[in-house]
Undergrad: 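Structure in structure tokens, see below.
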Amino acid sequence: VNLIGTAGADVITVSGQTVSLGGKTVQSTGVEDIRLDALGGDDLLIYNGVSGVTEDIRISSSGVAGGGQLNVAYVALVDFSGVERIDVNGNAPTPTETDTLTFIGTNAADDFEINLAADGTDADPILKLENSSSAVLLTLRNYTNFDTLNVLGLEGEDVFNVYVDPTGPSRNLFIDGGNPDGKKKQTDNLNIYYVPPRPHITSSAATQNPDAGLVSLMYDMADFLIDYDGIEQVVIRKL
């Protein structure tokens, strides 16, 4: 299925294999791949989880600005271009349903700008993926009903800049730096910036794996837990 947006600012909503744009809805069944070209404008892609289905929702960049893939295993596959911003809404966890969300970079050197205390708006998004020239490739504006945001760096010398502040909201993050590992010359770098007052900070590395560990930052009104693997250097500093 090939879908094309307009030259204006589109809001495209996807739930399973149902796609809505500009008051029109396309319902598909058994389609292996939906191809979406949002064209020009400042476009927003919203994925709403399917009720009653545990979904592993994965968003990956193609390495081209606005291009990538939304992959929900056994539910939907959307290859998209011309999409500037993405929202993902899971369903509230139940005893039989727990959705997961993973944001995936490229095999090149990536810069992940992650604000765990963001409002989740156009002006204050949660995550921006930038290339080595500081061009924005994809923006995860907001997400709801996920316990943890998973971020995969894949190959390349990646930088993960993570920001927290006392206003919250509280969020959890898992970062997998991917290749190269600690034995190679290239390194993945995790920089954690906190807004004063200084939170209570707990940092620990895994005994058998120095590239893995966790950092907890606890304010009076907000808590942040950052779990990581495949990260060669971790720096925590005041913003």
Side-chain angles (χ1 to χ4, degrees), residues 1-50 53 55-91 99-108 110-114 118 120-123 125-146 149-156 158 178:
V1 175
N2 295 304
L3 302 175
I4 300 176
T6 72
D10 295 323
V11 177
I12 304 148
T13 302
V14 180
S15 182
Q17 295 191 6
T18 300
V19 182
S20 299
L21 167 63
K24 297 182 179 180
T25 299
V26 176
Q27 293 181 323
S28 305
T29 302
V31 174
E32 295 182 357
D33 190 3
I34 297 172
R35 297 185 179 274
L36 169 65
D37 185 354
L39 296 181
D42 190 8
D43 302 309
L44 170 65
L45 174 62
I46 302 173
Y47 184 80
N48 294 321
V50 179
V53 178
E55 294 172 288
D56 177 16
I57 304 167
R58 302 169 74 87
I59 298 167
S60 57
S61 169
S62 66
V64 177
Q69 187 178 84
L70 169 66
N71 188 351
V72 187
Y74 307 110
V75 177
L77 177 63
V78 180
D79 287 295
F80 59 82
S81 60
V83 172
E84 284 73 30
R85 300 159 295 143
I86 300 174
D87 285 359
V88 183
N89 301 308
N91 293 298
D99 297 333
T100 58
L101 174 61
T102 303
F103 188 99
I104 305 169
T106 75
N107 287 322
D110 294 323
D111 181 358
F112 295 83
E113 298 292 322
I114 306 169
T121 62
D122 289 343
I126 294 174
L127 186 155
K128 283 188 176 183
L129 173 65
E130 301 178 354
N131 63 18
S132 57
S133 300
S134 298
V136 177
L137 300 180
L138 277 180
T139 297
L140 177 63
R141 189 180 70 165
N142 198 12
Y143 66 87
T144 60
N145 290 326
F146 298 99
L149 171 61
N150 302 291
V151 176
L152 305 185
L154 300 181
E155 297 181 6
D158 300 321

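Residue numbers start at 1 and run along the sequence shown.
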Undergrad: On a heavy-atom basis, which atom in Val1 and which in Ser28 lie closest, and how many Å separate them?
TA: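 Minimum heavy-atom separation between Val1 and Ser28: CG2-OG, 4.0 Å.
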
Undergrad: How many angstroms lie between OG in Ser20 and CD1 in Ile12, if you round to the nearest 0.5 Å?
TA: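 Nearest 0.5 Å value for the OG-CD1 distance: 10.5 Å.
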
Undergrad: CG/Leu129 to OG/Ser61 distance, rounded to the nearest 0.5 angstrom?
TA: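 Spacing of CG (Leu129) from OG (Ser61) equals 5.0 Å.
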
Undergrad: I need the minimum non-hydrogen distance between Phe146 and Ile57, along with the two atoms involved.
TA: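 In terms of heavy atoms, the two residues are closest at CZ-CD1, 3.8 Å.
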
Undergrad: Testing the 3.5 Å rule here: is there a donor-acceptor pair between the side chains of Asn142 and Asp87?
TA: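 There is no such pair between these side chains.
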
Undergrad: List the steps and the verdict of side chain to side chain contact (heavy atoms under 4.5 Å, CB included) for Ser132 and Asp111.
TA: CA-CA 7 Å; Ser132 57; Asp111 181 358; over 6 Å; no

Undergrad: Between the main-chain N or O of Ile46 and the side-chain N or O of Thr13, is there a donor-acceptor pair closer than 3.5 Å?
TA: no

Undergrad: Under the 3.5 angstrom rule, does the side chain of Arg85 hit a backbone N or O of Thr121 as a donor-acceptor pair?
TA: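 Pair absent, no side-chain N/O of Arg85 close to backbone of Thr121.
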
Undergrad: Is Glu84 reaching over with its side chain to a backbone N or O of Asp43, donor-acceptor style, under 3.5 angstrom?
TA: yes

Undergrad: Side chains of Asp99 and Asn145: closer than 4.5 Å at any heavy-atom pair?
TA: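 Of all side-chain heavy-atom pairs linking Asn145 with Asp99, none is under 4.5 Å.
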
Undergrad: Checking Leu3 against Val26 for the side chain to side chain contact (heavy atoms under 4.5 Å, CB included) test, could you report, in this order, the C-alpha distance in whole Å, the side-chain angles of both residues, the deciding distance, and whether it holds?
TA: CA-CA 9 Å; Leu3 302 175; Val26 176; 4.1 Å; yes

Undergrad: Check Phe80 against Leu70 and note the closest heavy-atom contact, atom names and distance.
TA: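 Distance-wise, the nearest heavy atoms are CE2-N, 3.7 Å.
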
Undergrad: A side-chain contact here means heavy atoms from C-beta on lying under 4.5 Å apart; do Leu154 and Thr106 qualify?
TA: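 Side-chain contact under 4.5 Å: no.
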
Undergrad: Taking all non-hydrogen atoms of both residues into account, name the closest pair between Pro125 and Ala118 and its distance.
TA: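 Closest pair (atom of Pro125, atom of Ala118, distance): O-CB, 3.3 Å.
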
Undergrad: Report yes or no: does Asn91 contribute a side-chain atom to a donor-acceptor pair with the main-chain N or O of Val50 at less than 3.5 Å?
TA: yes

Undergrad: Would you check if the side chain of Gln17 reaches a backbone N or O of Val31 as a donor-acceptor pair within less than 3.5 Å?
TA: yes

Undergrad: How close do Ala76 and Gly16 get, counting heavy atoms only, and between which atoms?
TA: CB-O, 3.1 Å

Undergrad: Roughly how far, to the nearest 0.5 Å, is the CG atom of Asp110 from the CG atom of Asn131?
TA: 8.0 Å

Undergrad: Is there a side chain to side chain contact (heavy atoms under 4.5 Å, CB included) between Phe103 and Val88? Walk through the geometry before answering.
TA: CA-CA 11 Å; Phe103 188 99; Val88 183; over 6 Å; no

Undergrad: So how far is it from Arg35 CZ to Leu77 CG, rounded to the nearest 0.5 Å?
TA: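 That separation rounds to 8.5 Å.
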
Undergrad: With a 4.5 Å limit on heavy-atom distance, are the side chains of Tyr47 and Leu101 in contact?
TA: no

Undergrad: Taking Ser133 for the side chain and Ala135 for the main chain, is one N or O donor matched with an acceptor at less than 3.5 Å?
TA: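 Such a contact is absent between Ser133 side chain and Ala135 backbone.
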
Undergrad: Might you point out which heavy atoms bring Val83 and Ala38 nearest each other, and give the distance in Å?
TA: CG2-CB, 4.0 Å

Undergrad: Any chance you could lay out the side chain to side chain contact (heavy atoms under 4.5 Å, CB included) test for Val14 and Ile34, step after step, and finish with the verdict?
TA: CA-CA 11 Å; Val14 180; Ile34 297 172; 5.8 Å; no

Undergrad: Can you tell me how far the CG atom of Leu21 sits from the CG atom of Asp10, to the nearest 0.5 Å?
TA: 5.0 Å

Undergrad: Nearest 0.5 Å, what's the CD1-CD1 distance between Ile86 and Ile59?
TA: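 Output value for this atom pair is 4.5 Å.
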
